[in-house]
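The model shown is predicted, which means the values in this text are computed figures rather than measured ones. Start at 1 and go down the list; that is how both ligands and their atoms are numbered.
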Amino acid sequence: MAGEVSPLPHYPFNPKRGMMDFKEVTCCRICSSNRLEKYLDLGKVPLANALVLPTNKYSKVYPLEVLLCGDCALSQLSIVINPEILYTDYPYRSSVSETFKTHCKNLALILKSMYQGNNFPTVLDIASNDNCLLKEFGNLGFGVLGVEPAKNLDMFERIDLDKVTVDDLIPVVNRFWSEQTALDMLTMNIRPNRGRDFITAQNILAHVNDVYDFLKGVKHQLDKKGIFVVEVPYLVDLFTKNQFDTIYHEHLSYFLFKPLKELFEFNGLPIFKVEHYDIHGGSLRLYASPCPYEIDPSVQRQIDFEKSNGYFNFETYKQFAERVNQSRKDLTILLKSLYNGGQKVMGYGASAKGISLLNYASMDSRYIHSIVDETPAKQGKLTPGSNIPIVDFSHFEKVSPDYLLLLAWNFEEELRRKTSHLKAKYIIPIPDLKVSN
Ligand code: JHZ
């Protein structure tokens, strides 16, 4: 595409190896402090969504370490992988989960009820993936637009910024979100004759290195009274529910509410309300706007909660790291003993976190026969590092496993419902390793 923008064009250049795949983090991405202290080291692991073909079992590995900013308390990885490597060919499809679809439907209904204008409301969704959320807005009569960098999502109409074609399909600008993308969209007049009433960003902010650039882009496209709705996995859930498998290279930041509040305020988008949802193991939903809406008590409550529960104290982080190491060992011991006892274990849900977990626990296809995933783009491939085949649902019947390891434990109910006809027992790895019928 003409004028393609890379959000991170300046990667270190090594004369022998060429452009590096990643760069090191030297200061906090929110407050620029260099008081960064490491509290978790998960070793060197491959990129969780870089699934491999059976003909090429090699996966490159990268360090996975988490640092805490001693000033604003943002947890962040020690390196940033070039996003073009991570997201240009992206196998994840939001719509595979009915639970997530329902969550999106509810969000669309809530925003419709918040809309106070007289026209039909408009929404722009950043990192719209397979339009799971936009379809719900479309059903409610919103004017919809997506922005999505993946090039392997073919079910939507892509907008080439030089040739704008919009038909009855959901239009999507096929780019990374950035200030430049937002400005180019204005130049090409890809916006209603007013700013967007809503901009949504689910599960994307944690993936972004230059969060300032990201928010500047939002400000260019949002109406003066518009509302920016952001969902991020919450660090408090990660810690209290021991969800260490959600730590992988795509997730650059692990958010508390406090650093987010400071970031948004600094960028002229104060957060006026915060809510907690169970989705993806526990997420915060933030409502922010350049318009001075009345600040809901939830904002102060969230800050007080984090303070009184020790999240600004390094000791809390060290204790979490100890729990992580114990959990990794417990899972390895269980899976090895099942293997030694001749039991057949299959995984369900080749989620990014599940793939990470298997690598942390040093598992491979001896211990896990295969993993069922209903995402066609993942089937026929192998998990990076552990080289376990990803197969379609019919393999449950063919293999008839003794145990099912729920790698997408965040959808436990849905996965159990779909497999209740099998005789297998369930292994639920998170928060505490559990085996049940
Ligand atoms: P799931 C994703 O992580 C991607 P992942 C991303 N990195 C992010 O930020 C987080 O979410 C929040 C499959 N499945 O959603 C589909 C079935 O096959 O937990 C998925 O491959 N059948 C952007 O990848 C996987 O499981 C089903 O019935 O960890 C679930 O992945 C269901 C419910 C799921 O996210």
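- Considering only non-hydrogen protein atoms, atom 14 (N) of ligand 1 sits nearest to Val96 CG1, 3.8 Å.
- Nearest to atom 17 (C) of ligand 1 by heavy atom, out of Glu374, His280, Arg93, is Glu374.
- Contact annotation: for His207 versus ligand 1, heavy atoms closer than 4.0 Å belong to the side chain alone.
- Salt bridge absent: Lys423 and Asp402 never bring a charged side-chain N and a carboxylate O closer than 4.0 Å.
- Which parts of ligand 1 touch Tyr90 is read off a 4.0 Å heavy-atom cut-off, strictly below it: atoms 4 (C), 6 (C), 7 (N), 23 (C).
- Taking the six-membered ring for Trp and the full ring otherwise, the centers of Phe22 and His249 sit at least 6.0 Å from each other.
- Of the heavy atoms in Tyr87, none comes closer than 4.0 Å to ligand 1.
- Of the protein's non-hydrogen atoms, Asp373 OD2, 3.7 Å is the one closest to atom 25 (C) of ligand 1.
- Summary of contacts: the protein heavy atom closest to atom 5 (P) of ligand 1 is Ala352 N, 3.5 Å.
- Note that Lys241 lies outside the cation-pi zone of Trp409, set by a 6.0 Å cut-off to the ring centre and a 45° limit from the axis.
- Of all atoms in ligand 1, numbered sequentially from 1 with element shown, those under 4.0 Å from a heavy atom of Ser97 are 33 (C).
- Aromatic pair Phe228/Tyr287: centroids not less than 6.0 angstrom apart.
- Salt bridge annotation for Lys258-Glu306: absent, with no cationic side-chain nitrogen under 4.0 angstrom from a carboxylate oxygen.
- Ligand 1 lies nowhere less than 4.0 angstrom from a heavy atom belonging to Glu98.
- The backbone and the side chain of Lys353 each have at least one atom closer than 4.0 Å to an atom of ligand 1 (non-hydrogen atoms only).
- Taking every non-hydrogen atom of Glu414 and a distance limit under 4.0 Å, the qualifying atoms of ligand 1 come out as 28 (O), 33 (C).
- Residue-ligand proximity, Thr375 to ligand 1, at heavy-atom distances under 4.0 Å covers atoms 16 (C), 21 (O).
- Here the heavy atom of the protein found nearest to atom 8 (C) of ligand 1 is His251 NE2, 3.5 Å.
- Using a 4.0 angstrom heavy-atom cutoff, Tyr248 counts as in contact with ligand 1.
- Near Ala408, the atoms of ligand 1 lying under 4.0 angstrom from a non-hydrogen atom of the residue are 26 (O), 30 (C).
- A cation-pi arrangement is absent between Lys318 and Tyr39 under the rule of less than 6.0 angstrom and at most 45 degrees off the ring axis.
- Lys418 NZ, 2.5 Å is the protein heavy atom nearest to atom 28 (O) of ligand 1.
- Contacts of Lys378 with ligand 1, taken as heavy-atom pairs under 4.0 Å, involve the side chain alone.
- Contacts with ligand 1 closer than 4.0 Å are made by side-chain heavy atoms of Glu250 only, the backbone lying farther away.
- A cation-pi contact, defined as under 6.0 Å to the ring centre and within 45° of the axis, is absent between Lys44 and Tyr62.
- Using a 4.0 Å cut-off between a side-chain N of Lys or Arg and a carboxylate O of Asp or Glu, Glu148 and Arg175 do not qualify as a salt bridge.
- Judged by distance alone, the side chains of Arg285 and Thr200 never bring a donor and an acceptor atom under 3.5 Å apart.
- Of the heavy atoms in Leu415, only side-chain atoms (C-beta onward) come closer than 4.0 Å to ligand 1.
- By the 3.5 Å distance cut-off applied to N or O atoms, Asn410 is counted among the residues near ligand 1.
- For Trp409, the heavy-atom gap to ligand 1 stays at 4.0 angstrom or more.
- Shown here is Phe266, whose CZ atom has no more than 12 heavy atoms of other residues, nucleotides or ligands within 6.0 Å.
- At the shortest separation from atom 15 (O) of ligand 1 among protein heavy atoms lies Tyr92 OH, 2.7 Å.
- Atom NZ of Lys425 has 12 or fewer heavy atoms from other residues, nucleotides or ligands within 6.0 Å.
- The existence of a salt bridge linking Glu275 and Lys273 is confirmed by a sub-4.0 Å separation between a basic side-chain nitrogen and an acidic carboxylate oxygen.
- Among all protein heavy atoms, the one lying closest to atom 31 (O) of ligand 1 is Ser351 CB, 3.3 Å.
- Asp210 and Arg29 are not joined by a salt bridge, as no carboxylate oxygen comes within less than 4.0 angstrom of a charged side-chain nitrogen.
- Ser75 and Tyr317 form no side-chain donor-acceptor contact under 3.5 Å, judged by distance and modelled atom types alone.
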